[in-house]
Amino acid sequence: MDKIYHSVIEALVFASDEPITANEIVKAIKAIDGEETEITNADIENAVDKLNEKYTTQDLAFKILRLAGGFVFGTKPEFAKYLGFLSTEKSRRRLSQAALETLAIIAYKQPITKPELETIRGVNSDYMINQLLEKGLITIKGRAETVGRPLLYVTTNNFLKYFGLNKISDLPKPREIEEIVKDQDFLEQKRQLLKNAIEETMLEENSPAEENGN
Amino acid sequence: MDKIYHSVIEALVFASDEPITANEIVKAIKAIDGEETEITNADIENAVDKLNEKYTTQDLAFKILRLAGGFVFGTKPEFAKYLGFLSTEKSRRRLSQAALETLAIIAYKQPITKPELETIRGVNSDYMINQLLEKGLITIKGRAETVGRPLLYVTTNNFLKYFGLNKISDLPKPREIEEIVKDQDFLEQKRQLLKNAIEETMLEENSPAEENGN
Amino acid sequence: MYKIKLKEFEGPLDLLLFFIKKNELDIYDIPISKITREFMEYLHLMKQLDLEIAGEFFLMAATLMQIKVRMLLPREVDEKGEEIDPRTELVNALIEYKRYKEVSEELGIMEANQRKIYYRGNFSKDVKENPAPIETLLKNVTIYNLIEAFKNALLEREIEPLHEITVYNVTIDEQMDFILEKISQFEYLHFLDLIAGMREKLRIIVTFIAILELVKLGSIGLKESEKFNDFLIYRAGNGQDLPFGN
């Protein structure tokens with residue numbers, strides 16, 4: 001790829017208000033310089049890496065991020081305190097624990113129906129689904145083929161952007177069940193068990209029959 | 001002025017929604033690092049010149065411009081032809097909103113004539129219909145039996161694919177969404193009150209749970 | 001003793017996990033009567049505070065009681081002849097829920113990190129030649145946006161809530177009379193003027209159908225207007241022959 005295209009790619013990413021994909025960049029360049037222009041998505045990826053190297057060397061306050069499948073310029077986190085002064089947008093409320101929990105389940109289980117989601121959460125989730133739909137973090141994608149054909153929910157591009165992810169597979173993996181069980185937390189708890197058992201016996205004196213379960 | 005402030009200024013100009021003035025930059029820095037920080041409007045002007053020198057030397061595709069008494073980043077004019085490929089944020093939003101509205105009405109009311117569509121939208125829809133036809137999201141399916149026998153528009157398979165639907169009856173009913181919203185705000189408020197009340201009670205006194213529990 | 005700051009409980013599973021952690025219990029060997037008692041006491045407290053308790057908590061209470069009873073009975077066996085622990089289902093649900101609860105905490109950290117990043121704010125000085133808007137028609141829109149757009153398009157003209165059925169006292173015949181009466185006063189009538197005072201979408205539609213009917217009967221004719229989305233209505237030859245009721 002021609003050296004000049006580094007600058008064109010830089011300009012295209014810089015001038016785009018949303019993450020721009022390698023595809024779109026290639027399309028833009030071919031639209032101007034002709035379909036025969038030799039440039040591939042891989043060239044774009046390489047150019048972005050080279051550009052970022054330059055920004056690091058030159059100590060620029062921003063660099064190109066890979067977000068929601070595209071490229072976008074973003075500031076380095078260390079300037080956040082100064083930038084917070086500018087904007088009211090960032091002061092918007094963070095997501096509640098319930099919203100994060102609902103999102104996590106939808107993100108990993110997508111496409112997922114409301115009944116499936118509610119089984120895992122153990123609570124009615126109408127309100128949360130509505131909130132997340134309104135915030136554009138999830139959307140509806142068709143219907144399940146099960147009884148009643150309930151709507152299917154999936155996460156959106158906005159979800160990726162909101163959490164700084166490039167693609168859905170970049171999500172942190174939930175721990176396997178065995179891991180959770182082997183977890184330090186639980187090992188510790190096992191060690192505590194003896195102690196607890198003694199305590200419980202003392203507490204349970206009135207109703208020893210009930211503790212068959214242990 | 002501290003060298004670090006070059007980067008802070010760079011970040012502020014980059015992230016500001018409006019052209020940012022030297023005054024505002026000074027204010028932001030002093031707000032974070034203290035009123036006694038030695039920094040003047042002239043320092044800002046100098047820093048911007050230095051930054052621009054760096055962008056030129058490094059052959060970057062953008063630089064800081066002086067506009068309406070403030071600073072703003074802009075890409076160099078030589079890339080204008082490539083950037084034409086991206087539309088500006090505002091026109092994109094407007095376009096997308098109108099296209100979406102037209103498409104939504106056609107999807108839910110199909111088959112529908114242009115007069116019917118325009119009665120609902122309240123605006124001439126020639127342009128939008130053409131755009132959607134061109135994109136292959138809608139198509140013509142015969143004529144209505146009413147006066148003038150206007151063309152009937154329906155959505156296409158492409159439309160289904162775009163929205164991840166199997167068939168048109170998979171479209172969520174507006175009422176299904178309505179039901180998710182219903183009364184949930186009120187319930188949520190109640191839930192919040194409940195949580196606060198419990199938190200306070202448990203913090204302030206030995207809860208009855210503890211006493212009864214043993 | 002109990003002076004721990006109670007976190008938000010997202011539901012009965014969350015509450016049970018809290019009890020398990022607080023009492024440092026083994027999730028695979030939950031002392032069911034102890035935890036049932038704690039759970040019931042929590043519900044009791046909520047009731048004392050005169051707070052509404054979500055149905056899911058009652059359901060969980062019932063489930064716990066049921067498990068408790070089954071713990072006292074001889075163990076059922078599965079097809080392999082192995083004893084079935086009555087707690088298994090609950091334990092699985094708790095672990096599954098815990099997995100996502102953990103991840104949601106990570107998502108919270110990612111959210112916090114992402115909020116430190118700012119994107120470019122002002123694009124006004126980027127020179128762009130020949131913008132190609134067609135390429136960005138419907139970028140990043142989803143079904144939800146589609147429903148929203150549909151709702152908004154209809155709601156703009158609607159006063160009453162969607163789910164309320166209102167009977168409008170408007171018929172096609174009435175609107176035909178109305179149009180003929182109007183047209184008897186003026187030579188031309190703008191469609192937009194005709195519907196200007198109408199608030200309900202249904203009335204406009206009925207009026208529209210009435211116009212089409214009158215055209216079919218040859219009572220009125222339609223003509224292009226200089227304005228978009230408007231047309232002119234004019235008296236046609238045999239219009240006088242029709243009864244208008246006055």
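The chains referred to below are lettered A, B, ... by the order of the sequence lines, with proteins before strands, and numbering in each begins at 1.
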Residues B:Asp33, A:Tyr82; criterion side chain to side chain contact (heavy atoms under 4.5 Å, CB included); working and verdict: CA-CA 9 Å; B:Asp33 294 345; A:Tyr82 298 100; 2.6 Å; yes
With a 4.5 Å limit on heavy-atom distance, are the side chains of A:Arg149 and B:Asp170 in contact? yes
Quick one: pull up CZ in A:Phe85 and CD1 in B:Ile25 and give me the separation to the nearest 0.5 Å. 11.5 Å
Residue from B:Thr75, B:Leu171, B:Leu165, B:Asn166 scoring the most non-hydrogen pairs under 4.5 Å with chain A is B:Thr75
How about A:Phe73 and B:Phe73: are their ring centres within less than 6.0 Å of each other? no
Looking at A:Ala11 and B:Leu83, what are the two nearest heavy atoms and their distance? O-CD2, 3.7 Å
Rounded to the nearest 0.5 Å, what separates atom OG in A:Ser7 from atom CD in B:Glu78? 8.0 Å
Per-residue contact mode, B:Lys81 against chain A (heavy atom under 4.5 angstrom): both
Select one option (side chain, backbone, both, neither) describing which atoms of B:Ile20 are under 4.5 Å from chain A's heavy atoms. side chain
For A:Leu151 and B:Pro172 the tightest heavy-atom approach is CD2-CB, 3.8 Å
Got a sec: does the CD of A:Gln58 have more than 12 other heavy atoms crowding it under 6.0 Å? yes
Engaged part of A:Ala28 at the chain B interface, taking heavy atoms whose separation is under 4.5 Å: both
Side chain from CB out, backbone as N, CA, C, O: work out which of these in A:Tyr55 comes under 4.5 Å of a heavy atom of chain B, or both, or neither. side chain
Would A:Phe79 and B:Phe14 count as a close aromatic pair, with their ring centres under 6.0 Å? no
Relative to chain A, which segment of B:Ile32 carries a heavy atom at a distance below 4.5 Å: side chain, backbone, both, or neither? side chain
Residues B:Asp59, A:His6; criterion side chain to side chain contact (heavy atoms under 4.5 Å, CB included); working and verdict: CA-CA 10 Å; B:Asp59 217 10; A:His6 281 234; over 6 Å; no
Separation of A:Phe62 CZ from B:Glu10 CD (nearest 0.5 Å): 4.5 Å
Region of B:Lys76 that comes under 4.5 Å of a non-hydrogen atom in chain A: neither
Heavy atoms of other groups near B:Lys30 NZ, more than 12 under 6.0 Å: yes
If you draw a 6.0 Å radius around NZ in B:Lys54, do more than 12 non-hydrogen atoms from other residues or ligands fall strictly inside? yes
Go through the atoms of A:Leu51 and report whether side chain, backbone, both or neither lie under 4.5 Å from a heavy atom of chain B. neither
